[in-house]
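What follows is a set of notes on a single structure, which appears directly below.
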Protein chains: 2
Amino acid sequence: MLRLRELADHLGVSTATVSRALNDKPGVSAETRRKVVAAAQEMSYRPNAAARALITATTRTVVFAVHRHHFPLSVDPFYPGIMRGLEETLAAEHYGVLLLTLSDEDLRAGPGTLPVLQEGRADALVAAGPDIPPQFILAAAGRSMPVILVDNALRETAIPTVTADDPGGCRDATRHLIDIHGHRSIALLRGTPGWVSSDGRADGYCDAMKAAELEPRVVSVEDTTIATGAVALIEVLEAWPDTTAIVAVNDAMAIGAIRQAAKLSRRVPEDLAVVGFDDISWAALSDPPLTTVRVPIVQIGRRAGRVLLDHFEDVITVSSRTTLATELIVRSSCGCDESPAPVMNSSGPRRHETDHE
Amino acid sequence: MLRLRELADHLGVSTATVSRALNDKPGVSAETRRKVVAAAQEMSYRPNAAARALITATTRTVVFAVHRHHFPLSVDPFYPGIMRGLEETLAAEHYGVLLLTLSDEDLRAGPGTLPVLQEGRADALVAAGPDIPPQFILAAAGRSMPVILVDNALRETAIPTVTADDPGGCRDATRHLIDIHGHRSIALLRGTPGWVSSDGRADGYCDAMKAAELEPRVVSVEDTTIATGAVALIEVLEAWPDTTAIVAVNDAMAIGAIRQAAKLSRRVPEDLAVVGFDDISWAALSDPPLTTVRVPIVQIGRRAGRVLLDHFEDVITVSSRTTLATELIVRSSCGCDESPAPVMNSSGPRRHETDHE
DNA sequence: CTGTTAGCGCCTTCAT
DNA sequence: ATGAAGGCGCTAACAG
């Protein structure tokens, strides 16, 4: 590998000059700077990361930490999507992203025991998901390493945050059922309280119901899966048999509810309208196609990357809590006609993947 | 952060002694070694990664490279799962995993233009997926950086490889249709040739058919999605109307075929048996539940990690091509009775996730 | 067995 | 505007 020294010798200047030129530091004539930059480009010189890290005490690396169980093995690649967005924007500035999957044991032991975080290998930590405990996050933030949260938030902290507009999205979905389809008896299917995005979605539902002067009907179950969605629907219909519409806090529960409705011989959407949340790949392919709220997964990662980049470039930020807009995707489980047949390309990239911020 | 120097001062020994003790190098008495290790543990000392990298010229970091389009946005988190397995086993040895998502442009320009690979930030490259072009891989291997392929292979190269037993899996699935269900007219739905795993699966199908002295019936389509699965089924039934069973090279195509069969009023599995490949999360939840071949996704990553670890520890390996066993998951789309009702926990970790190698 | 010394590749004062 | 020299934290030769 080409060293700075060799590049300097080649040009007949000192290493200091080359370093200054390449790092946009003052003290080099425009002429020499041009020459140096050209030569570096030409010989495809790249500074050794270790040497640079040693002296600057910055690594140009960010750790993306996620609960091990939530990384790949969920219904939809939610966190991998965020990670990809993060990598995309950071890579453009020559930053790297290190994956760190956290076991329950890691979470209990705290960040102090994790080699990657202890060896000074990263400049910042992106903690993804609501199942990283606050004490872990606070401990990490206390180690003088910038921390940023995605799909999570901590009250009464200055820790930067990037989330989707969960309340807004769920409000939109609920309103759609009320305003467009005239439903008055709408129930919410949710998991147990405590997770930020889940709570936010419930809030959005309640807001919309109250604004329309309707009584909220909420059923909480242990988990937010297809199985619990089915169970929750049964509970709803026992408690409020006249329910005509369902808002589920995620697509898995919505699909579970739809399946259960079929077993109970209730037609969707004629007898029971259902809307979900997330817009996982399978939402469009369920029967009937699921009306849901799209979460801008990749954009969450991109935005987190931008926040970090700003931070690294000393853009002073007192506090930073970004919430990204969601989008109501109207298909037919709400009672609407699905106008254009959906393109069922489920393995290629989605069309909306580009970030138009 | 605690420095080696401070630890040495604290113990009243030289830095060299501490270094030797901590790195299991000879030249330290058992007694001092014990003391040093204890103190390091006690004060939770960890060597600075940059300093160590600078002198040892190794970074304890591995790059996981994937095509950007295949990272999160496919039907199932295949590559994220591999990455997680990789991270799991490497983290145990204090190695880190850097994500690198490759755009088409990156692939064209080659590894020489990628900062992460040029700055000496990694000791090895894991290239995932068949859509990283051979020339890219060869160029990377030529840069004196160890390269290992997962879910891909290159003929006539010594590049180590970890793949699933695609031919074996598809042979098993085909045999199941022949031996258990007595089918004689079985068609294969596949994508265009060229991708290693896809080709391997097709080979397995053909082997099983020939072994049973049956005529292969193969339909190739552009892509392997739900949409193309439907199209492929139509083609099959046009060419061979008496077809009674379908083998699809992945679950998406299988599900597409099942949906198309419903539209054509063919019952699955009574009129048409269908088996898939991959065992994506939704396979168990399709209607009818899909019989398929499970690919040990996380284990592929773990094994790749092991191969690298061996390599780093100077275990000399002339060549290394690992293929991991697949498992036929019998549900009901093949005509079997699905005995126990499936647990529909689709968002939690799967039960079989543990690696029992 | 242990300590001293030098240097990995780069950035950054300090001179010039 | 440029060059020389020192040091980031660690390991690896060399002495003792």
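Letters A, B, ... mirror the listed sequences (proteins, then strands); counts begin at 1.
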Worksheet item: Within the structure, does a side-chain N or O atom of B:Tyr45 lie under 4.0 Å from either OP1 or OP2 of D:dC10?
Response: yes

Practice prompt. Could you check which of C:dT2, D:dG3, D:dG9 has an atom nearest any side-chain atom of B:Arg3?
Written response: D:dG9

Response to the item:
Separation of D:dC10 atom P from B:Asn23 atom CG, nearest Å, is 11 Å

Worksheet item: Testing A:Val116, A:Leu117, A:Val126 for side chain to side chain contact (heavy atoms under 4.5 Å, CB included) with A:Leu98, which one passes?
Response: A:Val116

Worksheet entry | Ion pair B:Arg108/B:Asp104, N-O distance below 4.0 Å | no

Worksheet item: In terms of side-chain heavy atoms of A:Ser14, which of C:dC11, D:dG3, C:dT2 is nearest?
Response: D:dG3

Worksheet item: Has A:Asn48 got a side-chain N or O lying under 4.0 Å from the OP1 or OP2 atom of C:dC8?
Response: no

Worksheet item: Rounded to whole angstroms, how far apart are CG on A:Asp24 and P on C:dT12?
Response: 13 Å

Worksheet item: Reckon A:Thr17 has a side-chain N or O less than 4.0 Å from the OP1 or OP2 of D:dG3?
Response: yes

Worksheet item: Separation of B:Asp9 atom CG from D:dG9 atom C1', in whole Å?
Response: 13 Å

Discussion item. Which is more 5' along DNA chain C, the nucleotide nearest B:Thr56 or the one nearest B:Gly12? Just name the residue.
Written reply: B:Gly12

Discussion item. Starting the side chain at C-beta, find the nucleotide from D:dT11, D:dG9, C:dT2 nearest to B:Ala51.
Written reply: D:dG9

Practice prompt. Respond yes when some side-chain nitrogen or oxygen of A:Arg52 is under 4.0 Å from OP1 or OP2 of C:dC11, and no when none is.
Written response: yes

Worksheet item: Which part of the nucleic acid, if any, lies within contact of B:Leu4, taking any heavy atom under 4.0 Å across all strands shown: a base, the sugar-phosphate backbone alone, or nothing?
Response: base

Discussion item. Between B:Lys25 and D:dT11, is there a contact of a side-chain N or O with OP1 or OP2 at under 4.0 Å?
Written reply: no

Response to the item:
Separation of D:dT11 atom P from B:Leu22 atom CG, nearest Å, is 8 Å

Discussion item. Could you tell me how far apart A:Glu31 (CD) and D:dA1 (C1') are, to the nearest whole angstrom?
Written reply: 13 Å

Discussion item. Nearest to the side chain of B:Arg20, heavy atoms from C-beta on, is which of C:dC10, C:dC8, C:dT2?
Written reply: C:dT2

Worksheet item: Taking only side-chain nitrogens and oxygens of A:Thr32, does any of them come within less than 4.0 Å of OP1 or OP2 of D:dT2?
Response: yes

Worksheet entry | Nearest-nucleotide 5' precedence on DNA chain C, A:Ser19 against B:Thr15 | B:Thr15

Worksheet entry | Exam field: side chain B:Glu6 to backbone B:Arg3, donor-acceptor pair closer than 3.5 Å | yes

Response to the item:
Atom CE of A:Met1 and atom C1' of C:dC10 are separated, to the nearest Å, by 12 Å

Worksheet, complete the sentence: Side-chain contact check for B:Leu54: nearest option of D:dG9, C:dC14, C:dC11 is D:dG9

Item to complete: Kindly compute the distance separating CG (B:Leu308) from CD (B:Glu313), expressed to the nearest 0.5 Å.
Response: 11.5 Å

Worksheet item: Does B:Arg5 have a side-chain nitrogen or oxygen under 4.0 Å from the phosphate oxygens OP1 or OP2 of D:dG9?
Response: no

Worksheet item: Can you tell me how far P of C:dC10 sits from CG of A:Leu7, to the nearest Å?
Response: 9 Å

Discussion item. Taking the basic N atoms (NZ, or NE/NH1/NH2) and the acidic carboxylate oxygens, is any pair closer than 4.0 Å for B:Arg68 and A:Glu87?
Written reply: yes

Worksheet, complete the sentence: Judged by nearest nucleotide, the residue sitting upstream toward the 5' end of DNA chain D, A:Ala30 or A:Ala16, is A:Ala30

Item to complete: Answer yes or no: does a side-chain N or O of B:Ser29 lie under 4.0 Å from OP1 or OP2 of C:dT2?
Response: yes

Worksheet item: Given the side-chain rings of B:Tyr95 and B:Phe312, with only the six-membered ring counted for Trp, is the space between their centroids under 6.0 Å?
Response: yes

